[in-house]
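One structure is given here, and the rest of the page talks about it.
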Amino acid sequence: MARLVVVSNRVGLPKSGARAGGLEVAIRPALKKRGGVWFGWNGRIAEGDPGPAQTLRKDNVEYVTVDLRKDDYEEFYNGFANRVLWPILHYRLDLAEFSRRDLSGYLRVNEYFASGLAQILRDDDIVWVHDYHLMPLARALRERGYKNRIGFFLHIPCPPPEILTSLPNHDRLVSALGAYDVLGFQTETDALNLGRYFSNECRFKRLDDETFLIDGRAVRVSVFPVGVETETFARLARRAVDTAFVRDVLDSLSGRAMIIGVDRLDYSKGIPERMNAFERFLGQFPDWRGKVTYLQITPRSRSSIPEYADIGRVVGETVGHINGAYGEASWTPVRYINKAHSRTALAGLYRAARVGLVTPLRDGMNLVAKEYVAAQNPDDPGVLVLSRFAGAAQECAAALLVNPYDPEGVAIAINKALAMPLAERQERQAHNFRVLRQNDLGRWAERFLAALEVPPEPQLAPVRAAGGGH
Ligand SMILES: O=P(O)(O)OC[C@H]1O[C@H](O[C@H]2O[C@H](CO)[C@@H](O)[C@H](O)[C@H]2O)[C@H](O)[C@@H](O)[C@@H]1O
Ligand SMILES: O=c1ccn([C@@H]2O[C@H](COP(=O)(O)OP(=O)(O)O)[C@@H](O)[C@H]2O)c(=O)[nH]1
């Protein structure tokens with residue numbers, strides 16, 4: 001079996017503690033199962049020029065990580081990746097802040113990653129690159145002469161060409177994806193959107209529904225929805241609900257029903273819109289006042305980016321407003337917490353919550369939605385209220401699907417979830433759980449790697465080496 005080299009901006013180093021972020025949560029167990037190398041940024045910013053890569057071995061995984069320079073961090077991570085690609089790929093053209101300096105920082109860090117990889121890559125390694133930070137990485141490797149099989153998985157949405165083309169230099173950046181061998185997406189819509197871009201903008205020849213001919217190579221564009229470790233998470237939740245931590249939380253609720261939301265503090269997650277919907281719910285269904293508590297766990301994320309600081313302010317003010325308007329001396333309607341929680345704590349809280357409220361305005365997948373389903377007690381399950389704009393809505397079709405831009409609709413769904421009879425809750429839960437058990441995290445990795453390990457079509461010319469010759 002070929003050695004697997006996983007590459008992502010963020011590397012989940014062992015013992016890195018409670019952290020929010022689905023990419024890390026997904027890659028860690030998938031890589032542990034097969035073994036291999038995880039290459040990427042260690043989260044540190046070097047004072048001067050970064051030194052050589054650092055290597056750490058744990059079990060069957062080798063973590064090879066690099067520091068970023070301050071200007072790399074500003075231009076690549078805070079700049080082009082998170083102020084241009086993130087908003088545009090989440091359909092938020094209004095929030096994109098483009099600068100040529102950030103774009104050159106983005107390309108520079110991709111070259112830096114390619115040079116770092118060049119120190120460790122072997123001819124027969126297969127390389128699996130993750131996410132929007134590293135779109136041009138395969139091209140940078142091909143230019144150094146690497147002919148390895150290289151796959152790319154986009155964890156976030158891929159919008160239609162009508163939106164993608166608003167990305168300055170899109171022709172250079174999106175077409176660079178053609179240097180990969182397999183391009184994986186969360187949903188059918190995402191894969192179709194990239195396919196339309198390849199056909200209309202790049203004029204790449206389509207070989208079949210899933211394959212394009214690019215520079216003499218067959219490039220597969222397909223759907224691989226990321227999952228959770230459904231059975232393992234269900235077991236964890238069974239244990240976690242009886243821990244002192246969860247019991248303390250439940251005691252503090254004095255018998256009130258709990259609604260839970262868990263999201264990084266990100267404008268894509270629709271947190272203010274969700275809170276407005278909760279306020280509507282309290283206004284429209286007054287019988288629930290004093291009988292339900294909404295717990296929102298929201299670790300801060302990308303805090304030095306202005307749009308993230310803004311959303312933090314808005315959420316804080318909205319919580320204050322709702323608690324001021326509806327709270328009693330003995331009841332706080334919304335509990336808002338910025339601290340990251342461990343997976344065990346979250347598993348127990350999900351299981352104890354009557355409603356899981358997951359209403360992003362746009363989300364590649366949303367693992368919290370899947371974890372909420374995995375954590376439920378089948379004898380007395382809670383109800384998932386889920387945005388139709390989360391990738392998870394494709395598989396969790398038995399959730400109460402809502403439009404997060406419609407606060408009244410979400411308020412009605414919250415009431416419906418809280419009042420839902422046991423038989424209907426069980427039926428919806430069983431349906432979602434069945435789908436998620438079948439399409440779990442292990443299957444995601446297996447399917448992607450199987451596609452990546454298929455050798456190139458013999459009748460197609462091999463990729464031309466531009467130098468080096470590996
Ligand atoms: O690394 P950060 O900048 O701190 O951000 C955390 C991660 O956020 C995004 O996660 C996505 O991946 C999930 C798993 O596939 C998916 O469920 C979710 O919808 C995505 O938003 C981002 O894509 C990662 O690169 C970040 O590491
Ligand atoms: O305090 C927290 C908040 C979130 N998470 C985890 O972070 C991931 C978030 O993934 P998701 O796909 O929902 O969103 P992302 O943050 O990747 O956009 C999930 O596995 C959560 O359980 C966590 O471990 N601790």
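Counting starts at 1 for both ligands and their atoms, in listed order. In this text, all values refer to a predicted model and were calculated from it rather than measured experimentally.
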Using non-hydrogen atoms of the residue, decide whether [X] is closer than 4.0 angstrom to ligand 1.
X: W86; result: yes
X: E24; result: no
X: Y77; result: yes
X: H130; result: no

V219 and its side-chain contact (heavy atoms from CB on, under 4.5 Å) partner, picked from D181, V182, L183
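Testing V219 for a side-chain contact (heavy atoms from CB on, under 4.5 Å) against D181, V182, L183 leaves exactly one candidate, L183.
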
Classify the ring geometry of [X] against [Y]: parallel below 30°, tilted from 30° to 60°, perpendicular beyond 60°.
X: F76; Y: F113; result: tilted
X: H170; Y: Y197; result: perpendicular
X: F80; Y: F98; result: perpendicular
X: H155; Y: W444; result: perpendicular
X: F153; Y: F448; result: perpendicular

In the protein, which heavy atom is nearest to [atom], and how far is it?
atom: atom 4 (O) of ligand 1; value: R10 NH2, 3.1 Å
atom: atom 23 (O) of ligand 1; value: D131 OD2, 2.5 Å
atom: atom 18 (C) of ligand 1; value: D363 OD1, 3.5 Å

Shortest heavy-atom approach to [atom] - which of [options]:
atom: atom 13 (C) of ligand 1; options: G22, S8, G43; result: G22
atom: atom 5 (O) of ligand 1; options: R300, R302, H133; result: R302
atom: atom 6 (C) of ligand 1; options: R264, H90, H155; result: R264

Those atoms of ligand 2 less than 4.0 Å from some heavy atom in [X]:
X: R264; value: 15 (P), 16 (O), 18 (O)
X: V25; value: 20 (O)
X: R343; value: 20 (O), 22 (O)
X: Y350; value: 22 (O)

N or O contact, [X] vs ligand 1, cut-off under 3.5 Å:
X: N82; answer: no
X: M365; answer: yes
X: G364; answer: yes
X: K269; answer: no

Side chains of [X] and [Y], donor plus acceptor under 3.5 Å:
X: Q296; Y: D263; value: yes
X: S304; Y: N78; value: yes
X: N42; Y: Q54; value: yes

Could you tell me the separation between the OH atom of Y132 and the CH2 atom of W86, rounded to the nearest 0.5 Å?
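Output value for this atom pair is 5.0 Å.
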
When rounded to the nearest 0.5 angstrom, what is the spacing between CD1 in I260 and OG1 in T293?
12.0 Å

Polar contact flag for [X] and ligand 2 (N/O pairs, less than 3.5 Å):
X: A340; result: no
X: K269; result: yes
X: S342; result: no
X: G22; result: yes
X: L23; result: no
X: H341; result: yes

Looking at L367, which atoms of ligand 1 are within less than 4.0 Å of one of its heavy atoms?
14 (C), 17 (O)

Short N-O contact, R274 and D406, less than 4.0 angstrom
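Salt bridge flag = no for D406 with R274.
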
Between R92 and E307, does the salt bridge (charged side-chain N to carboxylate O under 4.0 Å, His left out) criterion hold? Intermediate values first, please.
CA-CA 12 Å; R92 291 298 301 270; E307 292 75 23; over 6 Å; no

